[in-house]
Novice: 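To start, I am sharing the structure in question, which I have written as structure tokens.
All values below come from the heavy atoms of this structure, side chains included, with hydrogens, waters and symmetry mates left out. Just so you know, these numbers come straight off a predicted model, no measurement behind them.
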Amino acid sequence: MKIAVTYDNGMVFQHFGHTEQFKIYDIEDNKIVSSEVVSTNGSGHGALAGFLSALQVKVLICGGIGAGAKNALKEAGIELFGGVNGLADLAVQSYLNGTLLFNPDVMCNHHGHEHNESHSCGSHGCGDKHN
């Protein structure tokens, strides 16, 4: 099985549609056997679901995510765990342990606003996590 995490400098990146990298983890027997960081090559928002599907990803861990991307992931058969903060490696290990804190209702709905390099969905509640 493959798990993808929106990735930036070791952390779970907080805006799915603007992620420039994913860290892809290969899982066997509920253990991480390898991982690699892959560039999205400029793909964004809905196109990222196809990008992940082509990599045979089955699970996505991310911060904030919009409704369109959530629907695209669902159509691609990729299970979503959104609203996650912190270290990417720890998030995947927590998922494997069954202890990942995530928000099944996470939603970014600010897509009309200007985005800049310092923007983080988590800063205004999109990335909040719940049990």
Side-chain angles (χ1 to χ4, degrees):
M1 176 178 72
K2 290 188 179 184
I3 298 173
V5 179
T6 52
Y7 190 77
D8 183 42
N9 198 29
M11 305 298 285
V12 177
F13 186 69
Q14 291 301 300
H15 191 151
F16 173 78
H18 287 260
T19 194
E20 295 179 3
Q21 297 178 320
F22 288 101
K23 190 164 184 183
I24 308 294
Y25 299 81
D26 287 307
I27 309 299
E28 291 179 13
D29 298 322
N30 211 43
K31 291 182 176 56
I32 300 169
V33 293
S34 66
S35 65
E36 66 175 320
V37 177
V38 297
S39 170
T40 63
N41 297 317
S43 297
H45 291 96
L48 290 172
F51 178 85
L52 292 173
S53 183
L55 293 173
Q56 300 178 327
V57 167
K58 297 298 179 200
V59 171
L60 170 68
I61 298 172
C62 69
I65 187 168
K70 284 177 80 168
N71 290 336
L73 290 167
K74 185 175 182 179
E75 288 176 16
I78 298 171
E79 190 174 4
L80 171 66
F81 293 86
V84 177
N85 294 298
L87 294 169
D89 292 352
L90 184 59
V92 172
Q93 193 58 57
S94 295
Y95 168 81
L96 294 173
N97 293 341
T99 59
L100 180 65
L101 297 177
F102 68 99
N103 178 358
D105 300 318
V106 67
M107 186 73 63
C108 281
N109 59 8
H110 59 274
H111 288 271
H113 300 276
E114 286 294 319
H115 287 220
N116 60 37
E117 293 299 316
S118 63
H119 177 80
S120 169
C121 286
S123 67
H124 57 63
C126 289
D128 289 348
K129 58 186 176 181
H130 304 282
N131 261 338

Novice: Are Val12 and Asn85 side-chain neighbours, meaning at least one heavy-atom pair lies under 4.5 Å?
Specialist: no

Novice: What's the separation between atom CG in Leu73 and atom CD in Glu79, rounded to the nearest 0.5 Å?
Specialist: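 Separation between the atoms: 11.0 Å.
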
Novice: Main chain of Val84, side chain of Gln14: is a donor-acceptor contact present, judged purely on distance under 3.5 Å?
Specialist: yes

Novice: Side-chain heavy atoms nearer than 4.5 Å, only ILVMFWY residues, links allowed to pass through others: does that put Phe16 and Tyr7 together?
Specialist: no

Novice: Can you list, pair by pair, the side-chain donor-acceptor contacts under 3.5 Å of residues 86-97, counting residues two or more places apart and other chains?
Specialist:
unit_1 : atom_1 : unit_2 : atom_2 : d
Asp89  : OD1    : Lys23  : NZ     : 2.9
Asp89  : OD1    : Tyr25  : OH     : 2.5
Gln93  : NE2    : Asn97  : OD1    : 3.2
Ser94  : OG     : Leu90  : O      : 2.9
Asn97  : ND2    : Gln93  : O      : 3.3

Novice: List the atom pairs, with distances to 0.1 Å, where a side-chain N or O of residues 48-72 and a protein N or O form a donor-acceptor pair under 3.5 Å, not counting sequence neighbours.
Specialist:
unit_1 : atom_1 : unit_2 : atom_2 : d
Lys70  : NZ     : Val106 : O      : 3.1
Asn71  : ND2    : Ala67  : O      : 3.4

Novice: What pairs of donor and acceptor atoms, side-chain ones from residues 32-42 against any protein atom, are under 3.5 angstrom apart with sequence neighbours left out?
Specialist:
unit_1 : atom_1 : unit_2 : atom_2 : d
Ser34  : OG     : Asp26  : OD2    : 2.8
Ser39  : OG     : Asn41  : N      : 3.1
Thr40  : OG1    : Thr19  : O      : 3.3
Thr40  : OG1    : Glu20  : O      : 3.4

Novice: When you group the ILVMFWY residues by side-chain heavy-atom contacts below 4.5 Å and let the links chain together, are Leu100 and Ile3 in the same group?
Specialist: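 In one cluster: yes.
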
Novice: Is it true that Val5 and Ile27 fall in one hydrophobic cluster, defined by side-chain heavy atoms closer than 4.5 Å?
Specialist: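 Yes, Val5 connects to Ile27 through the hydrophobic network.
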
